[in-house]
Amino acid sequence: MSTTTINETTVQVYQVFIKATPERIWEAITKPEFTRQYFYGASVDSTVEVGSPWRYTGPDGSLWGDEIVLEADPPHKLVVGWRSLYDPDLADEPASRITWEIQPQDGGFAHLTLVHDQLEQSPKTAASVSGMGWMMVLSGLKTLLETGKPLADES
Amino acid sequence: MTTPAAIETGTQVYQVFIKATPEQIWDAITKPEFTTRYFHGAYVENTRDLHVVRGPEGQDWGTGPTFDFDPPRRLVHEWRSLYDADLAAEDASRVTWEIEPQDGGVCKLTVVHDRLEASPKTAASVSGEGWMHVLSGVKTLLETGEPLFAER
């Protein structure tokens, strides 16, 4: 954990340990066939090159996110912009930033950390993604990689 | 999630979503045949009155009272880190486990570690990676039947 003084609402940190290689976790974050199985049905679309678009499309085909790749160091670090286009109130707020970090551990697993920051001007977005929002995504990603199936049963 | 600000107030909150029944999660957090496979090798046995924690050689790692025992929903017990001399010298704190069923065969498991105001070393020791290591391990064990980390 960071020891600097940070505001809970403007810097959010989530983490999980996953029994998978960094390469598989990277794939699960950057490829639509994975994201649609754990990211509220959203498909990611990006070449994952710095400066290129980073888009999410919802199950109904609407654009949920349309930002750019800020930093890419496969399979260790990915930084992308974030703006919640799926909700008009949230879409009006400025873009914030997501950092995915993958650190291999001894014993065939990895530590995945997600930092959502630059939320100072986006209080509604900060409230919307906090707590359950990101932990549902990380829990789903972990289940998908470890069991090959989505976390929640199809309804 | 936990931030340094939250640590200063003495309360840490962690959550994970698990594909399991509340009963399976309850067993995993209260019975030693499960805890030895994900909780740093600790033998944990919870009864209505007592939270027993022992290390692999039988040493006491933090046995103390159970405050609330409501299977399969809520467990509250004392926390003392007797496995480390510096931490053991600090005041006892408190851990609350809550299990809430969700749609789709999934449960939300929440751990609240509080009453840490007078125990800064313990708070730093369990924060972030510490509790998420444990919660990640419970989830893997219940969903795959295998431990996340190599067993001791």
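We use all heavy atoms of the structure for the numbers below, so side chains are in, but hydrogens, waters and symmetry mates are not. To find a chain, count down the sequence lines: A is the first, B the second, and so on, and within it residues start at 1.
Leu90(A) and Ile98(A) fall within the same hydrophobic cluster, defined by Ile, Leu, Val, Met, Phe, Trp and Tyr side-chain heavy atoms under 4.5 Å apart, directly or through other members. Transitive grouping of hydrophobic side chains (ILVMFWY, heavy atoms separated by less than 4.5 Å) brings Tyr40(A) and Trp134(A) into a common cluster. Residue Tyr83(B) is grouped with residue Val134(B) when hydrophobic side chains (ILVMFWY) are merged at heavy-atom distances under 4.5 angstrom, including chains of intermediate members. Residue Val44(B) is not grouped with residue Val76(B) when hydrophobic side chains (ILVMFWY) are merged at heavy-atom distances under 4.5 angstrom, including chains of intermediate members. Placement of Tyr86(A) and Val44(A) within a single hydrophobic cluster is found when ILVMFWY residues are connected by side-chain heavy-atom separations under 4.5 Å, directly or transitively.
In this structure, the portion of Val106(B) lying under 4.5 Å from any heavy atom of chain A is its side chain and not its backbone. Heavy atoms of Ile18(B) lying under 4.5 Å from chain A belong exclusively to its backbone.
Annotation for Gln121(A): atom CD does not count as buried by contact number, only 12 or fewer foreign heavy atoms lying within 6.0 Å.
Residues from residues 108-120 of chain A that place a non-hydrogen atom less than 4.5 Å from a non-hydrogen atom of chain B comprise Phe109(A), His111(A), given in numerical order. For residues 45-76 of chain A, a heavy-atom distance under 4.5 Å to chain B picks out no residue at all. Residues of residues 139-147 of chain A lying within less than 4.5 angstrom of chain B, judged on heavy atoms, are Ser139(A), Lys142(A), Thr143(A), Glu146(A), Thr147(A) in numerical order.
Residues satisfying the ring pair (Phe, Tyr, Trp, His ring centres under 6.0 Å) test with Phe34(B), not counting sequence neighbours, are none.
Using a 4.5 Å heavy-atom threshold, the side chains of Met135(A) and Met132(B) count as touching.
A pairwise comparison of heavy atoms in Ser136(B) and Val16(A) identifies OG-CG2, 3.4 Å as the closest pair.
Expressed to the nearest 0.5 Å, how far NZ of Lys19(A) lies from NZ of Lys139(B) amounts to 13.5 Å.
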